[in-house]
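Single-structure report; data block below.
Numbers restart at 1 for each chain; the letters A, B, ... are given by sequence-line order, proteins then strands.
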Amino acid sequence: MKPAAFAYARPLDWSEALQLVASGARPAAGTQSLGPLLNLRLAQPDMLADLRHLPDYAGVTVTGDAIRIGAGTTHAAIEDGAVPGRTGAIMAGVARRIAYRPVRNRGTIGGSLAHADPAADWVAVMPALGATAIALGPRGERRIALDGFVTGIFETALASDELLRAVEVPVLPDAVGWGHWKFCRKIGEFSKVTACVLAVPGAAPRAVLAALDGPPRVIADASALMADTEAEATRIVSGFPELDDWRRAVAQTALMQAVAAASQP
Amino acid sequence: MSRIAVSLTVNGEAARVEVEPREHLADLLRGTLLLTGTHIGCEHGVCGACTVEIDGVPARSCITHAGSCDGATVRTIEGFDDDEVMAALREAFSQEHALQCGYCTPGMLVTARDIVLRLPDADEARVREELAGNLCRCTGYRGIVRAVLHVLAARR
Ligand SMILES: Cc1cc2nc3c(=O)[nH]c(=O)nc-3n(C[C@H](O)[C@H](O)[C@H](O)COP(=O)(O)OP(=O)(O)OC[C@H]3O[C@@H](n4cnc5c(N)ncnc54)[C@H](O)[C@@H]3O)c2cc1C
Ligand code: FES
Ligand code: FES
């Protein structure tokens, strides 16, 4: 047994879960990130609150033009098509390339966003899709745009007494252009650079550059990047002087590849 | 630290055990239930040696806490004796020299069986992609890939 000792609680309703978290318990979802942190003793909580048995924790509901994805929905469920339509097809393609299937069977979209690893896939893709986080706290639900949800390395806009309840993504038309390009030396390892581009007909294209050791960089209007890709990609990556040359070069490639994919009919 | 009671089904048999909350499933399986077919490598979810089936799907037993498995159904490599797909994989693994020291093999087989059942149309590239989460230090993977492809082809 590698972790420092902790107690285990299994809340069966959300108010109990919120009370546990307010009293200092660490939320545990799939433990696919928390498990390694505990084994390394980088995390030493007094108590884990296992969220996996909460009502409506996992699952997808569509209301009008919004798709609500429960925080406990696993990467594997998304890979297998739990999210409908064009949005779901985009997300399934992303999910398939997160870690490995046995990790995806337990790891959750909510755990991934709350963990806020700069290199994580949903951290890059959710702001690109224009998603909104639904946080649940003592005073009820609160909406936080994913553009701005991750505030630093392993830091989010969630308050210490809040849980991530769900993520809301828009129902996208079939005709959207989508590009997602990430650089990994080995399948399943964390990305070294990720770029995403979403081009919805009639709206400004959006781009995200991520996995650069900090929160994702969201480019809310990427029209210039679409029009003059190489020059604009060069200009964007020059805004990261702290990175090694090779990493900036990969970032530029990532932006160009994501634009090329999003421009395909 | 106080221990917690856990009831689970392991390889078809009910088990009632007491665990420390920090104990992971692999330690429970190996240490308490003496099912040493499940191997432990990295304990970070990376190497795949500890892969078992939890509630019907493959999962890492090194980053799944025993306490979170209260009520779960777990199947380890020892629980596949009568499984037809696993029998075919065992045969193909020995035919294709898909193991040498055998350390990776229990996790490899659980992953391989999932590929065969979930992705019946998988080609070589897909099999390699799906096996990327199971490390083997001996074989160089070619025999393992051939063994999985062999079983896939035989079932078409
Ligand atoms: C070998 C390996 C490779 C991986 N590769 C990748 C990869 O390529 N890309 C990628 O994106 N991810 C990768 N991951 C991480 C994986 O996607 C995890 O599933 C994910 O990061 C965490 O999800 P979880 O449900 O397991 O959360 P947990 O590990 O249970 O929790 C993670 C953190 O979030 C907090 N938390 C969890 N749920 C909530 C909630 N609802 N509200 C508030 N806080 C919460 C926890 O307290 C903890 O701090 C990898 C993991 C492993 C083991
Ligand atoms: S021991 Fe579990 S993945 Fe390596
Ligand atoms: S056979 Fe030795 S590690 Fe795979």
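In this structure, chain A has no heavy atom under 4.5 Å from any part of B:L131. Of the atoms belonging to B:E130, it is side-chain heavy atoms, and not backbone ones, that fall under 4.5 Å from chain A. Contact of A:I187 with chain B is made through backbone and side chain together, with heavy-atom distances under 4.5 Å. Within the 4.5 angstrom heavy-atom criterion, only side-chain atoms of B:T51, from C-beta onward, approach chain A. For chain B, the nearby parts of A:Y8 are the backbone and the side chain; heavy atoms of each come within less than 4.5 Å. For A:R104, the part lying near chain B is the side chain, with the backbone staying farther off; criterion is any non-hydrogen pair under 4.5 Å. Heavy atoms of A:L37 lying under 4.5 Å from chain B are absent altogether. For B:D70, the parts lying under 4.5 angstrom from a heavy atom of chain A are both the backbone and the side chain.
Interface check for chain A: of the options B:T64, B:I63, B:I115, the most heavy-atom pairs under 4.5 Å are formed by B:I63. If you tally non-hydrogen atom pairs under 4.5 Å between each of B:G67, B:S68, B:A59 and chain A, the highest count goes to B:S68. Of the listed residues (A:P3, A:A28, A:A4), the one with the most heavy-atom contacts under 4.5 Å to chain B is A:P3. In terms of non-hydrogen atom pairs under 4.5 Å with chain B, the most contact-rich of A:H53, A:K2, A:R52, A:E189 is A:K2.
No more than 12 heavy-atom neighbours from other residues, nucleotides or ligands sit within 6.0 angstrom of CZ on B:R142.
Checked against a 6.0 Å centroid threshold, the rings of B:H150 and B:F93 do not count as neighbours.
For B:D83 and B:R75, the salt-bridge test passes: some basic side-chain N is under 4.0 Å from an acidic carboxylate O. Using a 4.0 Å cut-off between a side-chain N of Lys or Arg and a carboxylate O of Asp or Glu, B:R126 and B:D121 do not qualify as a salt bridge. The residues A:E79 and A:R101 are annotated as salt-bridged, a charged nitrogen and a carboxylate oxygen being separated by less than 4.0 angstrom.
Paired with A:M91 under the rule side-chain contact (heavy atoms from CB on, under 4.5 Å), one option of A:T73, A:D121, A:I109 passes, and it is A:I109.
Between the side chain of B:R30 and the main chain of B:T36, a donor-acceptor pair closer than 3.5 Å is present.
In summary, the side chains of B:T111 and B:N134 do present a donor paired with an acceptor at a separation below 3.5 Å, with no hydrogens or angles considered.
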